[in-house]
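This structure is a prediction, so every number in the text was calculated from the model and none was measured. Numbers for residues simply follow the sequence, beginning at 1. In what follows, every heavy atom counts, from backbone to side chain, and hydrogens, waters and symmetry copies are set aside.
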Amino acid sequence: MSKERQKYDFTALGQAIKTARTAAGMTREQLGDKLNLAPRYIVSIENEGQHPSLQVLYELVTLFNISVDQFIFEKQPERSTLRRQIDGLIDSIPERDLPIIEATARGIIETRAEAEE
């Protein structure tokens, strides 16, 4: 008796890779050069749901700081891809500039709280 396997639909994760790549200002050719991949293979991952090897998947998600949890597990994780990408950006900001980020975040929170009253 064989148990039927459910095949993972890679389309959403491929689109997240495409979004992160374009946000980074990187072309498929540049990404291909960086990871030693053919640009056409990147197209197939991003647009056609092609399943990359585990190594290629690892290189893509670590390069663009993409959380795979939200694509694999049904329950949304505490840290989405966008949150991880923002965290990565914050990590690149000099310590002396972090009070600006903190004040901005506090301002957003306060404004939303006032709007809800």
Side-chain angles (χ1 to χ4, degrees):
M1 173 167 28
S2 70
K3 184 176 179 181
E4 196 167 318
R5 287 181 157 173
Q6 182 180 3
K7 186 173 180 182
Y8 176 72
D9 181 4
F10 198 81
T11 307
L13 186 50
Q15 287 296 303
I17 291 166
K18 180 179 182 177
T19 300
R21 176 186 55 75
T22 56
M26 188 179 288
T27 67
R28 289 186 183 109
E29 290 75 18
Q30 290 168 326
L31 178 58
D33 288 344
K34 185 173 186 74
L35 299 181
N36 198 28
L37 301 171
R40 180 68 197 134
Y41 181 52
I42 296 167
V43 169
S44 67
I45 292 170
E46 292 179 346
N47 297 335
E48 300 166 14
Q50 170 74 36
H51 290 211
S53 69
L54 184 56
Q55 181 62 37
V56 170
L57 176 63
Y58 171 77
E59 290 173 3
L60 289 168
V61 298
T62 55
L63 176 65
F64 296 119
N65 202 19
I66 296 172
S67 171
V68 295
D69 289 359
Q70 66 185 336
F71 300 101
I72 295 175
F73 301 109
E74 291 181 24
K75 183 179 175 186
Q76 289 292 322
E78 292 181 31
R79 296 183 69 206
S80 67
T81 295
L82 180 58
R83 183 170 298 276
R84 288 174 51 99
Q85 289 169 344
I86 290 170
D87 288 345
L89 291 171
I90 290 171
D91 288 343
S92 68
I93 295 173
E95 193 73 26
R96 67 182 176 342
D97 293 335
L98 289 179
I100 297 168
I101 303 299
E102 179 186 23
T104 302
R106 288 186 190 282
I108 292 169
I109 292 167
E110 290 170 8
T111 301
R112 293 195 92 199
E114 291 171 2
E116 291 175 1
E117 290 178 353

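- Residues satisfying the salt bridge (Lys or Arg N to Asp or Glu O under 4.0 Å) criterion with Asp87, sequence neighbours excluded, are Arg79.
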**OP:** Please lay out, stage by stage, how Glu116 and Arg112 fare under the test salt bridge (charged side-chain N to carboxylate O under 4.0 Å, His left out).
**Re:** CA-CA 6 Å; Glu116 291 175 1; Arg112 293 195 92 199; 5.2 Å; no
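- Taking Asp33 as the reference, nothing meets the side-chain hydrogen bond (donor to acceptor under 3.5 Å, both in side chains) condition, with sequence neighbours excluded.
- The heavy-atom pair separating Phe10 from Pro52 by the smallest distance is CZ-CD, 3.4 Å.
- Residues satisfying the salt bridge (Lys or Arg N to Asp or Glu O under 4.0 Å) test with Arg84, not counting sequence neighbours, are none.
- Between Lys34 and Glu59 there is no salt bridge, since none of the side-chain N atoms of the basic residue sits less than 4.0 Å from a carboxylate O of the acidic one.
- Legend: residues meeting salt bridge (Lys or Arg N to Asp or Glu O under 4.0 Å) with Glu110, ordered by chain and number and at least two apart, are absent.
- Applying the salt bridge (Lys or Arg N to Asp or Glu O under 4.0 Å) criterion to Arg96, with sequence neighbours excluded, gives no partner residue.
- Ile90 contributes atom CD1, which lies 11.0 Å from atom CD of Glu102 (distance to the nearest 0.5 angstrom).
- For Asp97, the CG atom sits in a packed shell: over 12 heavy atoms of surrounding residues, nucleotides or ligands are nearer than 6.0 Å.
- For Ile45 against Gln50, the heavy-atom pair with the smallest separation is N-CB, 3.8 Å.
- Listed here is the closest heavy atom pair of Phe64 and Ala24: CE2-CB, 4.1 Å.
- At a threshold of 4.5 Å between non-hydrogen side-chain atoms, the residues Glu95 and Leu98 count as touching.
- In this structure a side-chain-to-backbone donor-acceptor pair under 3.5 Å is missing from Thr81 to Ile66.
- The side chain to side chain contact (heavy atoms under 4.5 Å, CB included) check on Val43 picks up Arg28, Arg40, Asn47, Glu48, with sequence neighbours excluded.
- The aromatic rings of His51 and Tyr8 sit perpendicular to each other, their planes meeting at more than 60°, with 30° as the lower class boundary.
- Note that CG of Leu60 is 4.5 Å distant from CD1 of Ile17, once rounded to the nearest 0.5 Å.
- Residues Val68 and Leu13 form a side-chain contact, since some pair of their non-hydrogen atoms from C-beta on lies under 4.5 Å apart.
- Tyr41 OH to Asn36 CG: the interatomic distance, rounded to the nearest 0.5 Å, is 12.0 Å.
- Of all the heavy atoms in Gln30 and Met26, the pair that sits closest is OE1-CA, 3.3 Å.
- The side-chain heavy atoms of Leu63 and Leu31, taken from C-beta on, include a pair separated by under 4.5 Å.
- Contact check for Ile93 versus Leu89: no side-chain heavy atoms found under the 4.5 Å cut-off.
- Counting non-hydrogen atoms of neighbouring residues, nucleotides and ligands closer than 6.0 angstrom, the OH atom of Tyr58 reaches no more than 12 such neighbours.
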